[in-house]
Enquirer: 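Pasting a structure here, questions to come.
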Amino acid sequence: MITKLVMATNNANKLREAREILAPLGIEVLSQREAGANCDPEENGSTFAENALIKARAVYEAVKLPTIADDSGLCVAALDGRPGVYSARYAPEGQHCAKLLEEMKDVPDDRRTASFECSIAYIDDKEIKVVGGGCIGHIGYEQRGTNGFGYDPVFMVGDRTMAELTADEKNEISHRGAALRGLYKYLKERFGE
Ligand code: ITT
């Protein structure tokens, strides 16, 4: 079984969550910086999978070690799936939740469904694999909680926001947790125990 992966990301929260989820499975995650890469390729794909591949390829070419990349975002039904692949670019830093709440202010309870989506691309010297995960919830009316990052304070699962969950609770149900567990299954099938 593989024991080390490089993660192609500049997002420290994604890196932390990937480490929390993969460490108990015996996989150490190095940041791209720790692996000696400094990449920030243009994410011009039209799907999460395409963008994950763009990021994974860029870092793999630099480090030539098994590499993963996460592309993820929030899809809101009432907004026809926006912000989707534009989730990071939806608003200036720190203003994403406020902008979303403003856009959703007249949307009634039964039309506030949303999902977090995540694609993880894996590349090594022989194979490329993309796995995905999703998490369904709804958009609240105010920001609540201080855990997590990004849209977590407005994304409700049941009666709590994702930012009110502990790290373990989030990882158990999150889009990223689901995708990384899919990656682990693939790696196990390929490399054995
Ligand atoms: P890298 O491309 O360097 O990995 P990024 O933050 O730019 O980092 P993305 O392009 O994949 O990542 O954008 C994803 C955005 O979607 C991210 O900035 C968050 O705003 C949001 N997002 C993704 N996963 C999330 C999560 O678990 N909780 C809250 N928001 C999330």
Side-chain angles (χ1 to χ4, degrees), residues 5-21 29-35 37-60 62 67-76 79 81-101 103 114-123 130-140 143-157 160-181:
L5 291 172
V6 178
M7 188 169 193
T9 185
N10 292 302
N11 181 326
N13 287 293
K14 283 185 184 177
L15 182 67
R16 173 182 52 78
E17 290 186 359
R19 284 179 170 154
E20 288 164 358
I21 294 161
V29 184
L30 303 180
S31 69
Q32 60 179 39
R33 193 143 44 96
E34 285 166 337
N38 179 21
C39 299
D40 193 11
E42 196 188 343
E43 296 175 33
N44 52 13
S46 55
T47 62
F48 296 117
E50 277 173 22
N51 283 337
L53 277 167
I54 289 169
K55 291 185 266 194
R57 275 206 180 93
V59 169
Y60 177 75
T67 297
I68 58 170
D70 165 314
D71 198 66
S72 46
L74 179 71
C75 302
V76 182
L79 304 179
R82 283 191 302 114
V85 291
Y86 298 103
S87 292
R89 294 163 268 182
Y90 175 67
E93 194 61 40
Q95 293 172 39
H96 294 67
C97 289
K99 181 175 172 187
L100 182 65
L101 290 177
E103 232 194 310
S115 65
F116 270 133
E117 303 291 335
C118 174
S119 284
I120 303 265
Y122 168 88
I123 303 189
V130 180
V131 291
C135 176
I136 292 182
H138 62 279
I139 304 302
Q143 299 190 44
R144 278 178 16 205
T146 53
N147 300 331
F149 68 99
Y151 297 91
D152 284 343
V154 296
F155 187 87
M156 312 273 308
V157 273
R160 284 190 292 171
T161 70
M162 264 210 175
E164 293 178 306
L165 303 183
T166 64
D168 284 350
E169 285 172 335
K170 176 179 174 182
N171 293 338
E172 200 144 302
I173 59 162
S174 79
H175 49 314
R176 185 160 299 105
L180 287 169
R181 284 186 289 275

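Counting convention: from 1, in listed order, for ligands and their atoms alike.
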Enquirer: What protein heavy atom is closest to atom 18 (O) of ligand 1, reported as residue, atom name and distance in Å?
Expert: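 Protein heavy atom with the smallest distance to atom 18 (O) of ligand 1: Ala88 CB, 3.6 Å.
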Enquirer: Using a 4.0 Å cut-off to any heavy atom of Lys55, which atoms of ligand 1 qualify?
Expert: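 Every atom of ligand 1 under 4.0 Å from some heavy atom of Lys55: 1 (P), 2 (O), 4 (O), 9 (P), 10 (O), 11 (O).
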Enquirer: Numbering the atoms of ligand 1 from 1, which are under 4.0 Å from a heavy atom of Lys170?
Expert: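 Per the distance check, 26 (C), 27 (O), 28 (N).
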Enquirer: Would you say Tyr151 and Ile139 make side-chain contact, with heavy atoms under 4.5 Å?
Expert: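 No, too far: nothing below the 4.5 Å cut-off.
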Enquirer: What atoms of ligand 1 come within less than 4.0 Å of a heavy atom belonging to Thr9?
Expert: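 Heavy-atom distances to Thr9 below 4.0 Å select 1 (P), 3 (O), 4 (O), 8 (O).
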Enquirer: Counting heavy atoms only, which of Gly150, Ser119, Ser72 comes nearest to atom 15 (C) of ligand 1?
Expert: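 The nearest heavy atom belongs to Ser72.
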Enquirer: Considering only heavy atoms, does Phe155 approach ligand 1 within less than 4.0 Å through its side chain, its backbone, both, or neither?
Expert: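 For Phe155, there is no contact with ligand 1 at all, from either part.
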Enquirer: Give me the residue, atom name and distance of the protein heavy atom closest to atom 6 (O) of ligand 1.
Expert: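 For atom 6 (O) of ligand 1, the nearest protein heavy atom is Asn11 ND2, 2.9 Å.
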Enquirer: Does Leu74 have a non-hydrogen atom less than 4.0 Å from ligand 1?
Expert: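 Leu74: no contact with ligand 1 (<4.0 Å).
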Enquirer: If the contact criterion is a heavy-atom separation under 4.0 Å, does Gly148 count as touching ligand 1?
Expert: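 Contact absent.
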Enquirer: Does atom CD of Glu34 have more than 12 heavy-atom neighbours from other groups under 6.0 Å away?
Expert: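 Atom CD in Glu34 is packed in, count exceeds 12.
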Enquirer: Using atom types as modelled and distance alone, determine if a side-chain donor or acceptor of Glu169 lies under 3.5 Å from a backbone N or O of Thr166.
Expert: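 Looks like yes, one N/O pair under 3.5 Å.
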Enquirer: Do the ring planes of Phe155 and Phe116 sit parallel (below 30°), tilted (30 to 60°) or perpendicular (above 60°)?
Expert: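 Answer is tilted, since the angle falls between 30° and 60°.
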Enquirer: Considering only heavy atoms of His175, which atoms of ligand 1 have at least one such atom less than 4.0 Å away?
Expert: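 Answer for ligand 1: 24 (N), 25 (C), 26 (C), 27 (O).
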Enquirer: Going by the order shown, which atoms of ligand 1 are within less than 4.0 Å of some heavy atom of Gly73?
Expert: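 Answer for ligand 1: 16 (O).
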Enquirer: Check this for me - ligand 1, His96, N or O atoms closer than 3.5 angstrom, yes or no?
Expert: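 No: no nitrogen or oxygen of His96 is under 3.5 Å from one in ligand 1.
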Enquirer: Let me confirm one number: the NZ-OG distance from Lys55 to Ser119, rounded to the nearest 0.5 Å.
Expert: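 Taking NZ in Lys55 and OG in Ser119, the distance rounds to 10.0 Å.
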Enquirer: How long is the gap from CZ on Arg144 to CG on Asp152, to the nearest 0.5 Å?
Expert: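 Interatomic distance, Arg144 CZ to Asp152 CG, rounded to 0.5 Å: 13.0 Å.
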Enquirer: Is Arg89 in contact with ligand 1, taking contact as a heavy-atom separation below 4.0 Å?
Expert: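 It does not; every heavy atom stays at 4.0 Å or beyond.
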Enquirer: Could you list which atoms of ligand 1 come closer than 4.0 Å to a heavy atom of Ser87?
Expert: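 In order of number, 15 (C), 16 (O).
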Enquirer: So if I count the atoms of ligand 1 from 1 in the order they appear, which ones are less than 4.0 Å from some heavy atom of Asp71?
Expert: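 Listed by number with element, the hits are 9 (P), 10 (O), 11 (O).
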Enquirer: List the closest protein heavy-atom neighbour of atom 3 (O) of ligand 1: residue, atom name, distance to the nearest 0.1 Å.
Expert: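 Residue, atom and distance for the closest contact: Asn10 N, 2.8 Å.
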Enquirer: Minimum distance, heavy atoms only, to atom 21 (C) of ligand 1: which one of Tyr86, Phe48, Tyr151, Phe116 is it?
Expert: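 Going through Tyr86, Phe48, Tyr151, Phe116 one by one, Tyr151 has the nearest heavy atom to atom 21 (C) of ligand 1.
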Enquirer: When rounded to the nearest 0.5 angstrom, what is the spacing between CG in Asp71 and CD1 in Ile54?
Expert: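 Answer rounded to 0.5 Å: 8.5 Å.
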Enquirer: I need the nearest protein heavy-atom contact for atom 10 (O) of ligand 1: residue, atom name and distance, please.
Expert: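 For atom 10 (O) of ligand 1, the nearest protein heavy atom comes out as Glu43 OE1, 3.0 Å.
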Enquirer: May I ask you to decide whether Arg16 forms a salt bridge with Glu20, counting only side-chain N to carboxylate O separations under 4.0 Å?
Expert: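 Answer for the salt bridge query: yes.
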Enquirer: Which residue, Asn38, Asn10, Thr67, forms the side-chain hydrogen bond (donor to acceptor under 3.5 Å, both in side chains) with Gln32?
Expert: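 Result: among Asn38, Asn10, Thr67, Asn10 is the only option passing the side-chain hydrogen bond (donor to acceptor under 3.5 Å, both in side chains) with Gln32.
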Enquirer: Quick one: does any side-chain atom of Ser115 pair with a main-chain N or O of Glu117 as donor and acceptor, under 3.5 Å?
Expert: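 The answer is no, because no donor-acceptor pair under 3.5 Å joins these two groups.
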Enquirer: Do me a favour and list the nearest non-hydrogen protein atom to atom 29 (C) of ligand 1 with residue, atom name and distance?
Expert: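 Residue, atom and distance for the closest contact: Phe149 O, 3.0 Å.
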Enquirer: Starting from atom 28 (N) of ligand 1, find the nearest protein heavy-atom neighbour and note its residue, name and distance.
Expert: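 Minimum-distance protein heavy atom for atom 28 (N) of ligand 1 reads Asp152 OD1, 2.7 Å.
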Enquirer: Does ligand 1 have an atom that lies less than 4.0 angstrom from a heavy atom of Met162?
Expert: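 No, that is not the case, since the closest heavy atom of the residue is not under 4.0 Å from the ligand.
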Enquirer: To the closest 0.5 Å, what do you measure between CG (Leu100) and CG (Leu79)?
Expert: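 Atom-to-atom, Leu100:CG and Leu79:CG are 6.5 Å apart.
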Enquirer: I want to confirm something. Looking only at heavy atoms, which of Lys14, Arg176, Glu117 is nearest to atom 9 (P) of ligand 1?
Expert: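 Considering heavy atoms of Lys14, Arg176, Glu117, the nearest to atom 9 (P) of ligand 1 sits in Lys14.
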Enquirer: To the closest 0.5 Å, what do you measure between CZ (Arg19) and OG (Ser31)?
Expert: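 Arg19 atom CZ to Ser31 atom OG measures 6.0 Å (nearest 0.5 Å).
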Enquirer: Kindly compute the distance separating CD (Glu43) from CZ (Arg89), expressed to the nearest 0.5 Å.
Expert: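 Result: 6.0 Å between the selected atoms.
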